[in-house]
Novice: 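The structure's right below; bear with me while I get my questions together.
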Amino acid sequence: MRRLVPVILSAAACAGPDLPPPGSTPRADSAFAAVQARGAEVMGVDQQAATHVFEDLADGGRILFTANDPTDTAAVRTIRAHLRAQATAFAAGDFSGPAQVHGRTVPGTDVMAARRRSMRYDASDRPDGGELRIVATDPETLAAVRRFLQFQREDHRAAGHEGHGAAMDHAAHMRPGPTPGARMP
């Protein structure tokens with residue numbers, strides 16, 4: 001008669017090198033990493049070296065996109081060019097850039113595209129990057145702009161108001177485990 005030997009394996013031993021450590025959220029982290037990678041490709045800037053803020057305003061909102069190192073003139077130029085290109089595309093009803101970054105249609109863009117003639121998009125430079133101002137003229141479009149900005153805040157793990165709350169520290173979100181002193185939005 002054969003004796004059965006109980007085998008106890010720890011979760012860490014079974015995890016393997018490709019699985020995240022216990023306690024992490026692999027789907028959320030891999031989804032965020034995918035947004036970061038697609039964002040770098042579409043926007044032309046390493047997302048860990050930049051900060052996004054998606055701010056609701058009374059008549060629409062604005063997107064602030066800045067280089068974490070304002071002396072990185074190449075990143076600042078790329079950010080400014082990206083925001084100008086997006087202003088032109090959005091005014092034409094083309095939201096393919098955000099769809100590429102997020103891997104899906106971004107909420108609110110259907111209404112924003114349909115009502116593009118009643119909206120305004122203004123890109124302007126800032127010392128460390130730029131901003132894209134979105135102006136809506138009616139309540140339905142304003143609601144669509146808010147859905148668009150809310151989704152962006154969530155998917156980019158970004159702040160909602162400049163100087164209020166934690167701005168997006170992309171590098172902190174890519175490090176495993178909590179980082180001392182890092183604030184999460």
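All values below were derived from every heavy atom in this structure, side-chain atoms included, with hydrogens, water molecules and symmetry-related copies excluded. As the structure is a prediction and not an experimental result, all values here were calculated from the model. Start at 1 with the first residue, then count along the sequence.
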Novice: With sequence neighbours left out, what residues match Arg146 under side chain to side chain contact (heavy atoms under 4.5 Å, CB included)?
Specialist: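 Arg146 satisfies side chain to side chain contact (heavy atoms under 4.5 Å, CB included) with Asp56, Leu142 only.
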Novice: Return the set of residues passing salt bridge (Lys or Arg N to Asp or Glu O under 4.0 Å) with Asp69 (not counting sequence neighbours), or none when no residue passes.
Specialist: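 Not a single residue meets the salt bridge (Lys or Arg N to Asp or Glu O under 4.0 Å) criterion with Asp69.
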Novice: Once you round to the nearest 0.5 Å, how far does CZ of Arg62 lie from CG of Leu132?
Specialist: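 That separation rounds to 11.0 Å.
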Novice: Under the salt bridge (Lys or Arg N to Asp or Glu O under 4.0 Å) definition, can you give me all pairs with a residue in residues 79-92, not counting sequence neighbours?
Specialist: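 Sorted pair list: Arg80-Asp125, Arg84-Asp125.
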Novice: Using salt bridge (Lys or Arg N to Asp or Glu O under 4.0 Å) as the criterion, list what pairs up with Glu140, not counting sequence neighbours.
Specialist: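 Salt bridge (Lys or Arg N to Asp or Glu O under 4.0 Å) check on Glu140 returns Arg115.
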Novice: Which residues pass the salt bridge (Lys or Arg N to Asp or Glu O under 4.0 Å) test with Arg116, not counting sequence neighbours?
Specialist: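 Arg116: no salt bridge (Lys or Arg N to Asp or Glu O under 4.0 Å) contacts found.
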Novice: Report the relative orientation of the aromatic rings in Phe95 and Phe148; use parallel for angles under 30°, tilted for 30 to 60°, perpendicular for over 60°.
Specialist: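 The arrangement is perpendicular - the two ring planes meet at more than 60°.
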Novice: From Leu83 CG over to Asp122 CG, what is the distance, rounded to the nearest 0.5 angstrom?
Specialist: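 Going from CG on Leu83 over to CG on Asp122, the span is 12.0 Å.
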Novice: What pairs with Arg147 under side chain to side chain donor-acceptor pair (under 3.5 Å), at least two apart in sequence or on another chain?
Specialist: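 Scan of Arg147 (side chain to side chain donor-acceptor pair (under 3.5 Å), adjacent residues dropped) gives none.
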Novice: Who are the side chain to side chain donor-acceptor pair (under 3.5 Å) partners of Ser96, not counting sequence neighbours?
Specialist: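 Only Asp94 meet the side chain to side chain donor-acceptor pair (under 3.5 Å) criterion with Ser96.
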Novice: Quick one: list whatever passes salt bridge (Lys or Arg N to Asp or Glu O under 4.0 Å) with Arg77, sequence neighbours left out.
Specialist: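 Expected list: none.
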Novice: I'd like to check the side chain to side chain donor-acceptor pair (under 3.5 Å) partners of Thr141; sequence neighbours left out, ordered by chain and number.
Specialist: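 Residues passing side chain to side chain donor-acceptor pair (under 3.5 Å) with Thr141: Asp138.
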